[in-house]
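Here is how names work: the chains are called A, B, and so on, in the same order as the sequence lines, proteins then strands, and each is numbered from 1.
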Amino acid sequence: MLPLTIFRNNPELVKNGLLAKGETAGIEALVEMDNRHRAMVTKLNAMRSERNKTSELIAQSKRIGQDAAELIMAMRDLSEQVKTLESESAELHEKISGELEYIPNLPHESVPRGSNAEDNVVVRVWGEKPEFDFKIDNHLDLGAKLDLFDFNRGAKIAGSGFPLYTGQGARLERALINFMLDYHVENYGFTEIFPPFMTNSAASRTTGQLPKFAEDMYRTDIDGLYLIPTAEVPVTNIHRDEIIPEQDLPKFYVAYSACFRREAGSYGKDTRGFLRLHQFNKVELVKFVIPETSYAELEALTKQAEAILKALGLHYRVVELCSADLSFAAAKCYDLEVWSPGEEKWLEVSSCSNFEAFQARRGNIRYRRESDRKVDFVHTLNGSGVATPRLLVALLETYQTEDGTIILPPVLQKYMGKRELK
RNA sequence: GGAGAGGUGGCCGAGCUGGCUGAAGGCGCCCGCCUGCUAAGUGGGUAUAGGCAGUGAUCCUGUCUAUCCAGGGUUCGAAUCCCUGCCUCUCCGCCA
């Protein structure tokens, strides 16, 4: 959520930012409603002040045993007016904040302007494209030969897009998750979190899924809970409605969770295998930091996510998203894309974003500064570290050998209890 | 699922026979004084959000308003009374 003051004081900044994100935003209506609302509040405050003063007079009269009937009669009318204006004001306020919740974050000034994903900028590339001197299989063939997973039975149980991992495939999934959690805890001092996999609407609102993207989430109708599309939602909400002492910042959390996405509107795209799923596993990194450090922390976060791919020896690149490709809540974002030899494509396995105060404002997540003891909103960041499905694709395809066995990278061997899949 | 208790400021904890209570008292924290150092003592300060004004910006000053879990209601007036919801705790039942 953006602060209303910036619409008042710097409407051009907002317009340009929204335009860069590809939003055609009508700010004028919002500003007009804000003006109207402020006039109401001013009037309301005056009326309430009057009421409070008179109430005090009534109290004094009663205390000394005088009759206050006249004052009370006069107040009855004013009180009615206050109530009417209160409800009008509240209604308008709700409308304003309702609209505000649909307005995305503005891109940071360092973000390249662009109109679509074509304008994203490749920042760096790590490793080399693996070469093979035999005809390689894609991950589906490899999975079938080694009985790692079974999409048909997954579909029978739940539906398409719900993978069933089997045998050493299931073990490998668990190994990847454990490896990534341990890595971030041991090397970077992240605190491990195991969050709820469902959140209420307030939590989903903080991170920006609600109200605009309600259709993308699974919801349990009876209890009004949402299955999380990412651990970002519960973990960011750990500190919702809190004031964190500055000395407790920064806070680094790492969490595994299953992620559930309806992927409404994306049917027909990337339907093969693991490329797009309704349920998948992900290890997520979340940071709460003071505003001054958030962009340095974004760079660090990206490198921390990259470290996983390096440790696994996978060829990847870092892409800086252009303004138009930024997600709703992000001010700046780097994607990590791993190379899939079978698909001959780069696959997105991580998104590392700085949300600045956008989520903090929505979730009222603040900190108390040491210098002047004032409160201010924290900056939040998160990045996948990383999502498993496409990682698995790259891993299987990269480490396949001619006889069909997969030689596991050393860091995974202890988690698997063996050196290869065959 | 059944029965009961309760939700007050950073924390603990009064108030809850409705009216100088934004809220006693304590702890913590900040500034000063005192003390050879520490401890103790002592004086003061210490919520958040919003409107308006000050030639005035997410700063400063003044002023007004709101907030005692949330939302309604009663009343001239609600932390205090009534209703609904949420949450926490205790006991019983069920259960991985």
Side-chain angles (χ1 to χ4, degrees), chain A residues 1-14 17 31 33-97 100 105-106 194 196-205 220 222-225 237 239-249 290-292 294 331 356-358 360-379:
Chain A
M1 198 153 66
L2 298 171
L4 256 178
T5 47
I6 162 174
F7 288 84
R8 284 177 214 156
N9 302 328
N10 213 337
E12 287 309 308
L13 184 79
V14 178
V31 172
M33 281 196 287
D34 178 43
N35 286 336
R36 211 144 39 88
H37 180 247
R38 277 150 65 209
M40 271 186 197
V41 168
T42 303
K43 189 171 171 196
L44 187 58
N45 281 347
M47 286 162 75
R48 288 204 270 221
S49 177
E50 169 78 17
R51 184 183 66 183
N52 288 346
K53 277 179 193 145
T54 312
S55 284
E56 185 49 36
L57 288 181
I58 293 171
Q60 280 173 14
S61 298
K62 294 239 166 166
R63 222 170 289 133
I64 58 174
Q66 279 183 355
D67 179 48
E70 212 167 299
L71 285 172
I72 289 175
M73 284 308 287
M75 276 303 94
R76 202 164 280 169
D77 195 43
L78 179 63
S79 226
E80 275 312 306
Q81 291 179 40
V82 167
K83 255 176 209 165
T84 308
L85 193 56
E86 264 174 355
S87 67
E88 282 176 23
S89 168
E91 199 179 311
L92 188 55
H93 181 74
E94 212 159 291
K95 206 169 162 194
I96 291 169
S97 36
L100 262 185
N105 202 359
L106 305 177
F194 202 114
F197 286 4
M198 295 196 202
T199 53
N200 55 33
S201 59
S204 312
R205 200 167 287 274
T220 66
I222 294 176
D223 300 299
L225 294 171
N237 277 279
H239 296 295
R240 188 174 85 235
D241 290 321
E242 289 184 15
I243 299 176
I244 306 166
E246 182 176 347
Q247 60 265 29
D248 292 355
L249 294 175
I290 60 173
E292 290 80 0
S294 69
E356 298 188 356
F358 189 83
R361 241 177 250 116
R362 293 169 84 97
N364 199 27
I365 309 167
R366 295 175 294 175
Y367 75 105
R368 190 176 297 281
R369 263 196 304 269
E370 295 222 53
S371 56
D372 59 5
R373 309 253 93 213
K374 295 284 186 193
V375 292
D376 197 3
F377 293 108
V378 300
H379 280 193

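Look at B/G22: it lacks any Watson-Crick or wobble partner with both distances under 3.5 angstrom. Pair check for B/C68 finds none; no Watson-Crick or G-U wobble contact set falls under 3.5 Å. Base pairing of B/G6: its partner is B/C87, meeting the Watson-Crick or G-U wobble criterion (both donor-acceptor distances under 3.5 Å). The partner of B/G77 cannot be assigned: no Watson-Crick or G-U wobble pair with both contacts below 3.5 Å exists in any strand. Nucleotide B/U61 is matched to B/A53 when pairs are restricted to Watson-Crick or G-U wobble geometry with both distances under 3.5 angstrom. The pairing partner recorded for B/A14 is none, the criterion being a Watson-Crick or G-U wobble arrangement whose two distances lie under 3.5 angstrom. Here B/U46 sits opposite B/G28 as a Watson-Crick or G-U wobble pair (both hydrogen-bonding atom distances under 3.5 Å). Across all strands shown, nothing is found opposite B/A39 as a Watson-Crick or G-U wobble partner with both distances under 3.5 Å.
Contact annotation: A/Asn52 side-chain N/O to B/U65 OP1/OP2 distance is under 4.0 Å. The side chain of A/Arg48 places no N or O atom within less than 4.0 Å of a non-bridging phosphate oxygen (OP1 or OP2) of B/G51. A sub-4.0 Å separation between OP1 or OP2 of B/U65 and a side-chain N or O of A/Ser49 is present. Note on A/Arg366: every side-chain N or O is 4.0 Å or more away from OP1 and OP2 of B/G10. Contact annotation: A/Lys53 side-chain N/O to B/C76 OP1/OP2 distance is not under 4.0 Å. Residue A/Asn9 places at least one side-chain N or O under 4.0 Å from the OP1 or OP2 atom of B/U58.
Using C1' as the reference atom, B/U48 and B/U42 are 31 Å apart when rounded to the nearest Å. B/U88 and B/C30: their C1' atoms are spaced 33 Å apart (whole Å). Taking atom C1' in both B/U63 and B/G72, one finds a spacing of 32 Å when rounded to whole Å.
Closest to the A/Arg51 side chain, of the nucleotides B/C52, B/C20, B/G77, is B/G77. Checking B/U58, B/G50, B/A47 against the side-chain heavy atoms of A/Arg368 singles out B/A47 as nearest.
Contacts of A/Glu88 classified as salt bridge (charged side-chain N to carboxylate O under 4.0 Å, His left out), with partners at least two apart in sequence or in another chain: none.
Residue A/Asn10 holds its CG atom at 8.0 Å from CD of A/Glu12, rounded to the nearest 0.5 Å.
Within the 4.5 Å cutoff, no side-chain heavy atoms of A/Leu78 are placed close to those of A/Thr54.
Applying a 4.0 Å cut-off to non-hydrogen atoms, the residues of residues 69-84 of chain A that approach RNA chain B are A/Ile72, A/Met75, A/Arg76, A/Ser79, A/Lys83, listed by residue number.
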